[in-house]
Amino acid sequence: MSNILLAQEAAQTVSINKGLAAIGYGLGAIGPGIGVGLIFAAVINGTARQPEAQSKLQGIGYATFVLTEVLALIGIVIYFIASS
């Protein structure tokens, strides 16, 4: 058989329970949640120490916030792929 047919057969036999996929996403969302908390805690702490650096710290904080939230978005995409 061709490789395409073998891949299709393998994909059809793999089935993940939707509840298991939801638990996996919930566990995967813990990391970005903690990361966001640490990012903004550092921004608040840095602003309290040097108020004149607030604009630079906020820019860095939002940039790293976006990078951290991408992990959660990738996790929810994988959840929908796994639960289908």
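Count residues from 1 along the sequence. In this text, all values refer to a predicted model and were calculated from it rather than measured experimentally. For the numbers below, each heavy atom of this structure counts, side chains included, while hydrogens, waters and symmetry mates do not.
Sorted by first and then second residue, the pairs that involve residues 40-51 and meet side chain to side chain donor-acceptor pair (under 3.5 Å), not counting sequence neighbours, are Asn45-Arg49.
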All N/O donor-acceptor pairs, side-chain side in residues 52-78, below 3.5 Å, sequence neighbours left out:
{"unit_1": "Thr64", "atom_1": "OG1", "unit_2": "Ile60", "atom_2": "O", "d": "3.0"}
{"unit_1": "Thr64", "atom_1": "OG1", "unit_2": "Gly61", "atom_2": "O", "d": "3.0"}
{"unit_1": "Thr68", "atom_1": "OG1", "unit_2": "Thr64", "atom_2": "O", "d": "2.8"}

Show me the side-chain donor-acceptor pairs of residues 23-42 shorter than 3.5 Å, one per line, residues at least two apart or across chains.
none

